[in-house]
> 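Structure incoming, see below.
So you know, we letter chains A, B, ... as the sequences are listed, proteins then strands, and number each from 1.
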Protein chains: 2
Amino acid sequence: MSLRHALLAVLTAAPMSGYDLVKYFNGTVAFVWNAPPSQIYPELRRMAEEGLLDVEVVARGQRASKRLYSISENGLEELNRWANDVLPLQPTRDPYRLKAAYMEWADIREARRQLEEHEHHYEYWLAQWRRLVDDIRARRVPLLRRRLEGRTEREQDEIVAFKLFAFEGEIAHAEAEIAWARRGLGLLDEIETARESPRQADRAS
Amino acid sequence: MSLRHALLAVLTAAPMSGYDLVKYFNGTVAFVWNAPPSQIYPELRRMAEEGLLDVEVVARGQRASKRLYSISENGLEELNRWANDVLPLQPTRDPYRLKAAYMEWADIREARRQLEEHEHHYEYWLAQWRRLVDDIRARRVPLLRRRLEGRTEREQDEIVAFKLFAFEGEIAHAEAEIAWARRGLGLLDEIETARESPRQADRAS
DNA sequence: GTAGTCATGTAAGAGGTTACATGATTAG
DNA sequence: CTAATCATGTAACCTCTTACATGACTAC
């Protein structure tokens with residue numbers, strides 16, 4: 001149940017509406033946890049019902065309104081509980097590794113497309129994460145700025161250090177995935193060469 | 001729907017019962033895809049109903065019987081379709097990175113326990129994966145041996161190369177996670193030191 | 001006879017995906 | 001007045017988890 005805790009954690013920075021949260025979960029928060037509106041809105045309702053959030057209904061224009069959520073005492077307790085409990089590590093279940101393990105069932109060309117997709121996906125996110133890390137280091141991220149307000153300098157440094165630690169983990173992961181995809185593409189080239197010219201492949205190995 | 005394709009892929013090695021599959025999904029197959037019996041048995045039923053698997057009911061002892069599943073023509077087609085279609089990459093959703101990003105809500109001691117758990121988990125699996133890679137290289141894995149039977153030498157080499165590629169990806173991933181957890185533990189030490197002796201920390205930075 | 005293995009599930013519920021639905025407000 | 005943005009969902013479906021349930025067979 002991480003979505004719930006991600007919502008609690010974001011709401012510690014400032015009270016906000018479901019719409020605001022949806023934007024963050026499409027923006028910077030999506031760099032560690034993504035969630036669609038159809039999941040966020042009902043979850044906020046449930047959390048408010050369970051007393052983890054306080055709600056203020058604010059008028060907007062003539063007829064419309066919005067619900068401003070803020071974290072309650074109970075919500076803070078729950079957040080602390082989550083932060084202090086060890087979350088058990090889960091067994092592996094990686095669909096891309098699974099496909100790779102059975103690549104003999106694919107054409108070389110299609111296998112290559114999958115690995116290129118893999119490489120490009122992580123290259124894209126690597127660039128995003130790197131930019132985010134720079135922005136965090138320069139304290140240029142709006143949500144982070146709100147979170148740092150009114151904290152001591154030491155607290156600010158610690159908060160920033162944890163964010164950097166988390167996203168540097170994503171960066172290292174992305175780099176490992178890119179390297180893996182490239183090794184796979186190299187392997188496919190070797191296999192193709194070996195299939196096309198058996199003698200040369202024999203000599204090469 | 002990867003479980004279905006993992007089952008199809010395993011069944012290309014040889015026909016087997018649900019019980020056999022449960023064992024493999026707790027053993028070597030769990031190194032890329034784990035699944036509990038409560039998921040495997042109903043899925044096999046559905047796959048047989050949909051014509052992806054053939055079933056032979058075999059007597060065992062006086063009263064009991066077992067269902068032997070083998071992959072059908074349709075199943076092979078489905079496996080090929082899966083192998084040749086590009087599986088779109090999913091957005092990030094990593095609960096441990098999420099916890100790390102909000103570690104300011106945890107006590108240092110509990111944060112450390114989480115990271116130690118992370119480190120130990122991946123050290124354990126790293127050892128497992130390394131042993132498996134050795135066993136694959138030596139063609140010592142029973143399921144793999146059955147899979148290689150009756151294949152040409154080149155086909156065998158390719159199949160082995162894909163397995164190695166997949167599991168070496170897991171190894172690289174585990175190594176990255178271990179390094180990340182250790183960096184985190186170092187960070188926690190620094191923070192603790194800074195909290196205990198502010199002057200020294202100031203001088204150090 | 002009893003422990004371990006072989007064999008196969010059910011049931012309830014959590015969490016997530018995909019597609020769709022609706023209407024107010026605001027900036028130009 | 002029109003497009004973009006603000007705002008909030010529902011519904012159907014799928015996957016996976018957790019806990020529990022049952023009984024036959026085999027080696028000792």
> Is Phe167(A) close to Ile171(A) at the side-chain level, that is, under 4.5 Å between some pair of heavy atoms?
no
> Taking the minimum atom-to-atom distance to the side chain of Gln62(B), which one of dA7(C), dC25(D), dC14(D) wins?
dC25(D)
> May I have the distance from Gln39(A) (atom CD) to dC14(D) (atom C1'), rounded to whole angstrom?
13 Å
> Would you mind telling me which of dG9(D), dT8(C), dC6(D) lies closest to the side-chain atoms of Lys23(A)?
dC6(D)
> Pick the nucleotide of DNA chain D nearest each of Ser2(B) and Pro37(A); which residue has the one closer to the 5' end?
Pro37(A)
> Can you measure Trp33(B) atom CH2 to dT17(D) atom P for me and round it to whole angstrom units?
9 Å
> May I have the distance from Arg46(B) (atom CZ) to dC13(D) (atom P), rounded to whole angstrom?
15 Å
> For Arg93(A) and dC14(D), give me the distance from atom CZ to atom P, rounded to whole Å.
18 Å
> Whole Å only: how far is the CZ atom of Arg63(A) from the P atom of dG23(C)?
13 Å
> Between C1' on dC6(C) and OH on Tyr69(B), what's the gap in Å once rounded to a whole number?
15 Å
> State which of dG9(C), dT8(D), dT18(D) makes the closest approach to the side chain of Arg67(B).
dG9(C)
> Salt bridge between Arg113(B) and Glu110(B), side-chain N to carboxylate O under 4.0 Å?
yes
> Which residue, Arg45(B) or Pro91(B), contacts DNA chain C at a nucleotide closer to its 5' end, judged by nearest heavy atom?
Arg45(B)
> As a test of reading the structure: which of dT17(D), dT8(C), dG16(C) is closest to the side chain of Leu3(A), going by heavy atoms?
dG16(C)
> Could you state the OH-C1' distance from Tyr19(B) to dT26(D), rounded to the nearest angstrom?
12 Å
> Under 6.0 Å between ring centres: does that hold for Trp180(B) and His173(A)?
no
> Expressed in angstrom and rounded to an integer, what is the separation of Ile40(A) atom CD1 from dT8(D) atom P?
11 Å
> Look at all strands and tell whether Ser38(B) reaches a base, only sugar-phosphate, or nothing, counting heavy atoms closer than 4.0 Å.
base
> How far does CZ of Arg112(B) sit from CG of Leu188(B), to the nearest 0.5 angstrom?
6.0 Å
> So which of Glu116(B), Glu177(B), Glu123(B) actually passes salt bridge (charged side-chain N to carboxylate O under 4.0 Å, His left out) with Arg182(B)?
Glu123(B)
> Under 4.0 Å, counting only non-hydrogen atoms across every strand here, what does Arg60(A) touch: a base, just sugar-phosphate, or nothing?
base
> Return whichever of Ser65(B) or Pro36(A) has its heavy-atom-nearest nucleotide of DNA chain C closer to the 5' end.
Ser65(B)
